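These numbers come from the heavy atoms of this one structure, side chains and all, not from hydrogens, waters or symmetry mates. Note that the structure is a prediction, hence the values are computed from the model and not measured. Letters go in sequence order (proteins before strands), and every chain restarts at 1.
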Number of protein chains: 2
Amino acid sequence: MRVEIITVGSELLLGEILNTNSQYLSEELNRLGYSVLYQTTVGDNKTRLAQALQLALQRADLVITSGGLGPTQGDLTKFVGAQVMRTPLYFDEGVYKAIEQWLQRRYTSPVITENQKRQAMIPQGATVFSNEAGTAPGTALQKKGKTLVHLPGPPRELQWMFRQRLKPYLLRQFGSQGYIASQYIKVYDLGESLIEERLSDLERQQQNPTLAIYARPGFVEVRITAKAASEEAANTMLQPLQKEVERRLARRIVTYNKETVAHVLGRLLKAGHWHISAAESCTGGLIGSLLTDIPGASDYFLGTIGTYTDEMKQQLVHVPASLLASCTAISAPVAAAMAVGSRQLYGADIALSTTGLAGPGGGTETRPIGLVYTGVSGPWGTVTHKNIYMGDRREIKLRAAVRAIYYGVQYILKHSA
Amino acid sequence: MRVEIITVGSELLLGEILNTNSQYLSEELNRLGYSVLYQTTVGDNKTRLAQALQLALQRADLVITSGGLGPTQGDLTKFVGAQVMRTPLYFDEGVYKAIEQWLQRRYTSPVITENQKRQAMIPQGATVFSNEAGTAPGTALQKKGKTLVHLPGPPRELQWMFRQRLKPYLLRQFGSQGYIASQYIKVYDLGESLIEERLSDLERQQQNPTLAIYARPGFVEVRITAKAASEEAANTMLQPLQKEVERRLARRIVTYNKETVAHVLGRLLKAGHWHISAAESCTGGLIGSLLTDIPGASDYFLGTIGTYTDEMKQQLVHVPASLLASCTAISAPVAAAMAVGSRQLYGADIALSTTGLAGPGGGTETRPIGLVYTGVSGPWGTVTHKNIYMGDRREIKLRAAVRAIYYGVQYILKHSA
């Protein structure tokens, strides 16, 4: 199955947004064993879009577009697609009703514009993919051995559509064409170049399975991928390489696939019936936000207290004024005192803290931008860690927050094993 | 100048990496006034790469490739490019010396492989772009009014090459082709389709300047772009359309370009010498994190208090137990009490609060997932807002946090004007 992905949108050609849809679709389609041979991006331009579609339908069996299904005049994909496929469009009353209902469920007094009717125009003979994540339905039209699929552009809608609609459709129509299995191993306490050094020969000799290393904010990801006729066979192929990677990295704490350290911490806390809190200075609330990204966090997360100023550090988490005066706010003793104070404030079993300098101003020779102290306090005492993180203000905050959660995991594993 | 960008690499077609090179090059080229009309991605395959290059050289004046310049047998771009341009390659002794030197500077005992010589093969008549960020030199070859440029694939190298080599080359050869000015207007309290309805005629009649509408998490962005010979002229062209858009939207609160509502709130707080705090339930700390993304937030941000459980709401921000019992935690009165409590706790002038249901579990008919109450408390009393946000857990959190900051701005503007 030769596939071409066409992402439609002038904002892509202007470089305004990253093309995450091409990556998402490619990854998913490869997993079904389909061969993505081309990714093309064109603007919201009738002529060029028509030419791109024509070419794609020549050189691929399956063409999937994303974008240009909205209610506006600039949304052309479905109309140009129908023209290229020489198929008339009709107004689908049922689709329109669904759009109306969707808007009514969402908004107390929805304004259903005349434009919205454009979204209910459907190519004759097409399969309609109803959209529960937005208003634009998707479609799939087969003609003369070619299949043209339209999906909406917003990544959340596109991903929902793929999982719930297109993937089942493709499996029904064409089946799986081999299976690609991937395993992602995330390492939180080793740098990319060190990991690279330990794994470089595995990376070089790769054919199937393959290995790749990516630097991510706060961790390094090692990806292993294998292709085989079945899911089981692909997974079996992965295992020896995965074991070898894990042996060489010799890490106690890694996470797999979509899982983050926040998931791991959540599992450990639940298992021990512990509750956690935080006190955040430079991360501003981000530790709390990352912990609450996990569904069910209310089982173990009590809250985070922002103590952004010296005064708040004293008043809310009882950091002694003398400590702030002698060590300054960005110091290991203050990080420790903040963690202890948060634990008391929330009555938590374990508390995390951060205090540091996220920049861009205020860096000095001895206290550079990126310097962050992290504290962990709990039943086994209080520990602190010192790090200097790279990046801009937001990256430093993210790296520091991810690492603080990692230290929480480390603290529990060290003492409760 | 019509441009096509061709990114070469099977890892892109496999969906293993995000195509940041296409975005980077597109943004930079648009800034020079060049029109990027196509972005194409092909794998490391001789035939398909040759076809893609041929097509690109037909439909564009300038074709820029990224990737496939490495020393391995799979790196084909330069060889296929020369073949398509009907130009022989020669071994460039000087280029080879530079590669050797680069490797020797980098590594204590560099392994200079025979393969490395491939990187010193240069198309006859091409301009060579020496690479100080890696080993692969770039090239630019002009023939019959077409220009074919090869750049290395690793983003850091590509970006270095563009800034230091290709951009000066393009300006020397073709000059700037006018200036593109863009203005982004972000609206926080109107839906996309309503904005569309108010602006659709402007969107339709667009040529230069152009107008586009994008839904973003927590706001809608209206982009106006003008192209002119100079920066000044482009900016002048923008103004009437911008004024018209602003008149039609009749919004008091918008932000421009990279600015967020957190910037606006920061400016207002600074101007009034006010301090702000928050109390967060469903957003978990994200309001605090967004506010502290702004450099200098310590001038006005005191902290956020996470009160994730009913108990914490009572203990830390003094929400009455009776209120929690009668109204439940997800209610306007509790949001109000949380804001009042946070204000007292931090001694802040103004406080924001959120309480709601981020999902994925726990939704009911009357309290659906996405239901969030926001409170704002300050010298002019306490107000609450009710919203139902779309999306998954993380999106709901983000929308709710952005909106809470927006309500803070609204509160100040309403009362202090």
* Evaluate the side-chain proximity of B/R223 to A/L14: yes if any heavy-atom separation is below 4.5 Å, no if none is. => yes
* To do: Apply the test side-chain contact (heavy atoms from CB on, under 4.5 Å) to residues A/L18 and B/T20: give CA-CA distance (whole Å), side-chain angles for both, the deciding distance (0.1 Å), then the verdict.
  => CA-CA 7 Å; A/L18 251 175; B/T20 56; 3.8 Å; yes
* Shortest non-hydrogen contact between A/Q315 and B/L345, atoms and distance -> OE1-O, 4.5 Å
* Selection from B/T309, B/L37, B/L290 maximising heavy-atom pairs under 4.5 Å formed with chain A -> B/L37
* Structure fact -> Honestly, the part of A/A297 sitting under 4.5 Å from a heavy atom of chain B is both
* **Atom group of A/Q51 that falls short of 4.5 Å from chain B, counting heavy atoms** => side chain
* **Part of B/L25 within contact of chain A (heavy atom distance under 4.5 Å)** => neither
* To do: Would you mind reporting whether B/Y38 and A/V42 have side-chain heavy atoms less than 4.5 Å apart?
  => yes
* Asked: At a heavy-atom separation under 4.5 Å, does B/T40 approach chain A through its side chain, its backbone, both, or neither?
  -> both
* To do: Give, as side chain, backbone, both or neither, the part of A/S298 having an atom under 4.5 angstrom from any heavy atom of chain B.
  => both
* Mind running salt bridge (charged side-chain N to carboxylate O under 4.0 Å, His left out) on B/D392 and A/R156 for me, showing each step along the way? => CA-CA 9 Å; B/D392 63 19; A/R156 195 179 48 83; over 6 Å; no
* To do: Flag the pair B/I305 / A/Y346 as yes when at least one side-chain heavy-atom distance between them is below 4.5 Å, and no otherwise.
  => yes
* Asked: Does a side-chain heavy-atom distance below 4.5 Å link B/I5 with A/L13?
  -> no
* Asked: Are A/E27 and B/E16 side-chain neighbours, meaning at least one heavy-atom pair lies under 4.5 Å?
  -> no
* Structure fact -> Okay, B/A278 and chain A: the region with an atom under 4.5 Å from a heavy atom over there is neither
* Asked: Counting distance only, does the side-chain N/O of B/R393 pair as donor-acceptor with the main-chain N or O of A/T292 below 3.5 Å?
  -> yes
* Quick one: what part of A/T283 sits under 4.5 Å from any heavy atom of chain B, side chain, backbone, both or neither? -> backbone
* What part of A/P295 is in contact with chain B, defined as an atom under 4.5 angstrom from a non-hydrogen atom: side chain, backbone, both or neither? -> both
* **Straight-line distance of A/E280 CD to B/T304 OG1, nearest 0.5 Å** => 9.0 Å
* To do: Under 4.5 Å heavy-atom distance to chain B, tell me which part of A/I287 shows up: side chain, backbone, both or neither.
  => neither
* Check against side-chain contact (heavy atoms from CB on, under 4.5 Å), B/R216 and A/I17 -> CA-CA 11 Å; B/R216 308 286 190 204; A/I17 56 170; 3.6 Å; yes
* Structure fact -> Most contact-rich option vs chain A, by heavy-atom pairs under 4.5 angstrom, among B/Y308, B/Y214, B/Y24, is B/Y308
* To do: State, with a plain yes or no, whether a side-chain heavy atom of A/Q23 is found less than 4.5 Å away from one of B/N19.
  => no
